[in-house]
Structures are given as structure tokens and as C-alpha cells.
2 protein chains.
Amino acid sequence: MRRTEQRSVILEELRRASDHPAADDVYLRVRERLPHISLSTVYRNLELLATEGLIRKIEHGGGQKRFDPVAEPHSHFHCSDCGRLEDVPFAVELPELDRDDPWVRARVIYGGRADYFGLCPACAGTDRVLP
Amino acid sequence: MRRTEQRSVILEELRRASDHPAADDVYLRVRERLPHISLSTVYRNLELLATEGLIRKIEHGGGQKRFDPVAEPHSHFHCSDCGRLEDVPFAVELPELDRDDPWVRARVIYGGRADYFGLCPACAGTDRVLP
DNA sequence: GTATCTGCAAAAGTTTTGCAATCCA
DNA sequence: TGGATTGCAAAACTTTTGCAGATAC
């Protein structure tokens, strides 16, 4: 993987973002700094960076895939109302799997992840009135 | 929601499937029985059935959304190699959230789900040689 | 009878790909 | 220099939508 300005800026802008942007959000942000960059370059680099393990691709409701600058597995919170996608600010431990279970033994399980869904502060109204 | 033959057959075929098919897989199966059905009807019905809570739409790696005939939340196992999506055959309990945590208090959390990823028996080779 | 539903076709939205030119090591 | 990378345009793919006619209740 070579170092190119496009690749660096894409990674920088993704790391600066806190909202798990989709490819075309990244494109818009990167374009502020590199006005001639093309959307395919953004797609190709996000894909490559995810393959190389520097970032993470997230499946999320809605048409687009989102990208996470944090490659380490962690939990997300999805707002069912506005679609916001946030990091859960603490580690969620999944229960240990029973290694003797035949279903578990028949598979190689790399890991697991817990995701939560509900209403974010803005949609729940708790960002205005705190109880 | 009215009862139509198309809707019934779509639901039946989804319930008969064990592989969490995508919309166009459902379309292919339904077409065996209703050769004149259109893909949009399949999309519209899967969407409606999911909205009504009879089935569940699953976000999953790869371009297409998948559908699950089981509406109750349960865990899935994603094969990183071949893309197979299976039900985890036991309940995975998520740890209780700390209701006094300010992050938790600021949100309305409907629920969570644990998903696992790794290699399925075929891709791990354990369907041929059992240890 | 009327609101819902279907099929068709077209549109919309997202992601991928072919290719010639350019760039990095 | 040579392989990786880019920009552009076109293609591919998935999903949604408009509309006229058919259907369920």
C-alpha cells in the first residue's frame, strides 16, 4: 500500500469525524481539501483501508455502508429515529461461549459484537430536559 | 393489511427457508409458484411484513439486505468466508446496562443484539473431519 | 364501492469497474 | 522503470416509485 495524498486525507478526515460517515460523506469532507478527488477514489480507499484493518466497515440500516476510524471491535448504538450511529462508551462483554457445545465446536468463531438500538438524546428529548 | 396470494406465498417461502434469503432469492423461490409475480411486489411485501413485525430485516455484509422469518430478536452467526448467515441456536444474554450511567440515562434503549462472526463448518472444514 | 395491492417500467441511489494517464518507490 | 493509484465515465446492482388496472373486503 503506497502513501498517496488522497489516501492520507481520507484517513485523516475519517479519524476527525465522530459520526461514522458513509462513503459520500467522507467524499464531501475530503473534497474541501482536495477538490479534484473522485468518489471512486474514496470508495477504493475506504475499502482498502478496511481490508488492511486500519478502519472498519459497518453494516447499518439504510442504504449506505458506514465507516469507523476505530478498527478494534466495539459496540455501537443505532438511533431508530434519526439513524445516528454512536459508539457505546464502555466495553460490552459477551458471555463466554461453551467450547464443548457441538455447534460452537463445528465453527471457528473469531468474535462477536453487541449492538444496541433505541432513541438518541436528541430524539428522546433528553438533551433538552434532563430528569 | 389485506390477504393476497402473493403475500401469503412470500411469507410461506421465507418461513420455509433456513438461509435468511435476500429479496431476490425470495423472488426466485416465489416465482416457482407464482411465475407472474414481480420483484417490486416481493420488495414491497417484505418491507411491509417487516414493518408489521411478522418478519425481520437484517443488515449483513454484502450489498443486499436479508430477511429472517423469525421476528423475535436472536443472534446470528456470519461466515466471514462464504457469507452464510445462520441463527445461533441458543440465547445470548447481553449484560444488564447500568441504569445510573449518564450515557444510558440520556437514551431510550429498546434492546440489543449480539452477533458472531467466523468460519462456518464448511469453510472451517469441520463438516468433513470432526476432531 | 373503495382503498389496497399488483405488475410493469422507469427512476433513484449506491458501489464497482475499465481504461488511459499519473504518481510513488 | 514498473506496479500501484487516480480520475473519469460507464456499468452493475439493489431498492424505490409512479401509474393504470386488478383485487380484497
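Throughout, protein chains are lettered first and strands after them, A, B, ... in sequence-line order, and every chain is numbered starting at 1. Remember, predicted model here, so these are calculated numbers, not experimental data.
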Take atom CG of A:Asp24 and atom C1' of C:dA12, then tell me their distance rounded to the nearest Å. 14 Å

So, is B:Gln6 close to the C:dG7 phosphate, meaning a side-chain N or O under 4.0 Å from OP1 or OP2? yes

Residue pairs involving residues 3-53 of chain A (criterion ring pair (Phe, Tyr, Trp, His ring centres under 6.0 Å); sequence neighbours excluded): A:His20-A:His76

Rounded to the nearest angstrom, tell me the gap between atom CD in B:Glu5 and atom C1' in C:dT4. 17 Å

Whole Å only: how far is the CE atom of B:Met1 from the P atom of D:dT23? 20 Å

Can you check the A:Arg7 CZ to C:dA25 C1' distance for me, whole Å? 13 Å

Heavy-atom contacts under 4.0 Å between residues 42-58 of chain A and DNA chain C, which residues? A:Tyr43, A:Arg44

Mind calculating the distance between CG (A:Asp25) and C1' (C:dG13) to the nearest angstrom? 14 Å

Side-chain ion pair, A:Asp101 and A:Arg99, N-O less than 4.0 Å: no

Under a 4.0 Å threshold between the charged nitrogen and the carboxylate oxygen, would A:Glu86 count as salt-bridged to A:Arg84? yes

One thing to verify: whether A:Glu72 and A:Arg56 come together as a salt bridge, which I'm taking to mean a side-chain N less than 4.0 angstrom from a carboxylate O. no

Hey, what do you get for OH (A:Tyr110) to CZ (B:Phe117), rounding to the nearest 0.5 Å? 9.5 Å

Please report, rounded to the nearest Å, how far the P atom of C:dT6 is from the CZ atom of B:Arg31. 17 Å

Is A:Arg3 near enough to C:dA25 that one of its side-chain N or O atoms lies under 4.0 angstrom from OP1 or OP2? no

Let me spell it out: for each of B:Ala22 and B:Arg2, pick the nucleotide of DNA chain D with the closest heavy atom. Which residue's pick is nearer the 5' end? B:Ala22

Heavy atoms under 4.0 Å, any strand shown: does B:Ser40 hit a base, just sugar-phosphate, or nothing? base

Figure out the CD1/C1' separation between A:Ile10 and D:dG7, and round it to whole Å. 12 Å

Separation of atom NZ in A:Lys65 from atom P in D:dT14, rounded to whole Å: 10 Å

Applying salt bridge (charged side-chain N to carboxylate O under 4.0 Å, His left out), can you list everything that pairs with A:Arg29, at least two apart in sequence or on another chain? A:Asp19

Side-chain ion pair, A:Arg16 and A:Glu13, N-O less than 4.0 Å: yes

Between A:Thr41 and D:dG7, does any side-chain N or O lie under 4.0 Å from OP1 or OP2? yes

For the side chain of A:Gln64, starting at C-beta, report the closest nucleotide among D:dT5, C:dT4, C:dT14. C:dT14

